[in-house]
Amino acid sequence: MNQSINQPTNQAIMVIGHGDSAPVLQETINVLDNEKIDFFIHWDKKNLQPKLYSKKSKIFFVDPIEVRWGTDTQIKAELLLMQAVQRHGGYTMAHLISAADMPLMDANYFLNYFDGRKSYLGFSQTPNNIGEDIVQRIKYYWPDRDLKGHKLYIRLFIAKNKLLGTDRLKDHTLQLYKGANWFSINTTYFDKVIMADKTPFFHSFCADELFMQTILPELNWQDNKVDDNTQAARYVDWGRGTPYTFKIDDVMELERVKNTKYAFARKVTDPSVVKAVFV
């Protein structure tokens, strides 16, 4: 990926969102509004598409599907976005975010930082230390339903798969890697992801944290002593929440990491936080 790039390259921001409005996403667009930064948005089919505006950036909506937490629909939404970016063409870098993420770089810093020479994908577990509880996410057959908060159902599905001797990996030679599902990578990697055999990642559970890392293990170039979100250029606090939602009282904290090594912070639900950081 090392190449001589003398001017800012085109960037694609890929957004997965849901809900009845998108005020934080609109503020993200306002901050990064630039003729070299475009937005590709998957908005959950269960919700009305929000009205979003920009002056310089182009905004594209992909044909949506219903996304259910923990299911393979999260991966399918990612793929729809990658395919849309690839069809459009002309982008050097692509960044996957949620509509509850906010930028931590202004447009100029963002364009200079992501010059295409490095990709940022976080890794927290490798084949050497991955746990059986993580392997079960794709080893077993999981239903296409939202299991968030349903711990009893999760235990029942695990027990059923064990009883039946289910092993969907037995005919595959996958080396599993795990990490944060948000990323900023060079689009030259999209071909490998789109063409890969993705069968094990369907009918899975929370496999969006295995999907990109397992297909692109060559992007595990960073120090794994650094948490996977930092590796992915994301500022996320799992110590104060699951993850923590940044509030207006956290503006000074966010300002300290603005225009550094973090591209986005999550989660944010109050658009005034974005406005205060980029006042």
Side-chain angles (χ1 to χ4, degrees), residues 1-16 28 32 34-42 57-60 62 74-98 101 103-124 126 175 177-198 201 208-224 226-236 259-264 266:
M1 294 303 157
N2 291 324
Q3 52 183 310
S4 178
I5 300 176
N6 298 316
Q7 59 183 4
T9 58
N10 293 332
Q11 312 280 323
I13 311 293
M14 307 187 301
V15 185
I16 295 178
T28 292
L32 295 177
N34 187 283
E35 61 273 2
K36 289 189 171 292
I37 303 174
D38 294 335
F39 291 82
F40 291 78
I41 301 169
H42 179 280
S57 297
K58 297 183 181 69
I59 300 174
F60 305 98
V62 303
Q74 293 179 285
I75 293 172
K76 290 174 180 177
E78 279 185 49
L79 287 167
L80 287 171
L81 288 166
M82 284 188 271
Q83 290 164 346
V85 170
Q86 193 175 59
R87 281 196 304 271
H88 191 280
Y91 299 101
T92 299
M93 294 288 293
H95 314 261
L96 182 68
I97 69 171
S98 83
D101 293 6
L104 282 176
M105 298 176 176
D106 61 42
N108 288 333
Y109 190 96
F110 186 86
L111 288 168
N112 288 325
Y113 192 89
F114 292 107
D115 60 7
R117 300 182 187 186
K118 292 181 179 179
S119 291
Y120 300 84
L121 180 65
F123 290 77
S124 60
T126 69
Q175 295 289 302
Y177 293 76
K178 178 182 180 292
N181 55 325
W182 316 108
F183 57 78
S184 295
I185 68 173
N186 194 299
T187 57
T188 54
Y189 290 106
F190 277 15
D191 274 340
K192 185 177 181 183
V193 175
I194 291 170
M195 297 300 293
D197 177 10
K198 293 175 281 294
F201 301 103
D208 57 325
E209 296 177 341
L210 304 169
F211 174 56
M212 294 292 287
Q213 286 80 0
T214 298
I215 295 175
L216 298 173
E218 62 268 34
L219 294 186
N220 186 22
W221 59 269
Q222 300 185 72
D223 183 357
N224 289 135
V226 177
D227 74 87
D228 53 337
N229 286 290
T230 299
Q231 292 174 48
R234 302 302 192 267
Y235 191 69
V236 185
N259 288 342
T260 59
K261 62 182 178 180
Y262 299 104
F264 298 94
R266 72 182 313 270

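Just so it is clear, the structure is predicted and the values come from calculations on it, not from any experiment.
At least one side-chain heavy atom of Glu218 sits less than 4.5 Å from a side-chain heavy atom of Leu216. The side-chain heavy atoms of Trp182 and Tyr120, taken from C-beta on, include no pair separated by under 4.5 Å. Here the side chains of Gln231 and Ser124 are not in contact, with every heavy-atom distance at 4.5 Å or above. Counting heavy atoms from C-beta on, the side chains of Val62 and Leu81 come closer than 4.5 Å. Using a 4.5 Å heavy-atom cutoff, the side chains of Ile75 and Asp208 are in contact. You'll find the side chain of Met82 reaches within 4.5 Å of the side chain of Met14, heavy atoms only. Considering only heavy atoms from C-beta on, Asn181 stays 4.5 Å or farther from Met212 through its side chain. Annotation: side chain of Ile16 is in contact with side chain of Glu78 (closest heavy-atom distance under 4.5 Å).
Side-chain atoms of Asn186 come within 3.5 Å of backbone N or O of Gly116 as a donor-acceptor pair. Between the side chain of Thr28 and the main chain of Asp101, a donor-acceptor pair closer than 3.5 Å is present. A donor-acceptor distance shorter than 3.5 angstrom exists from the side chain of Lys198 to the backbone of Ile194, with no hydrogens or angles considered.
In this structure Gln11 satisfies the side-chain contact (heavy atoms from CB on, under 4.5 Å) test together with Thr9, Ile37, Met93, His95, Phe110, Leu111, Phe114, sequence neighbours excluded. Every residue meeting the ring pair (Phe, Tyr, Trp, His ring centres under 6.0 Å) condition with Tyr262, not counting sequence neighbours, appears here in chain and number order: Tyr235. With sequence neighbours left out, the side-chain contact (heavy atoms from CB on, under 4.5 Å) criterion links Asp106 to Asn108, Tyr109, Asn259, Phe278.
With values rounded to the nearest 0.5 angstrom, Tyr189 atom OH is found 4.5 Å from Leu219 atom CG. Atom CD of Glu209 and atom CG of Asp228 lie 8.0 Å apart (nearest 0.5 Å).
In summary, of the residues considered (Val236, Leu32, Leu104), a side-chain contact (heavy atoms from CB on, under 4.5 Å) with Phe264 occurs for Leu32 alone.
Nearest heavy atoms, Ser98 versus Val15: C-CG1, 4.0 Å.
For Tyr91 and Phe40, the ring centers sit closer than 6.0 Å to each other.
Environment of NZ in Lys261: sparse, with no more than 12 heavy atoms of neighbouring residues, nucleotides or ligands closer than 6.0 Å.
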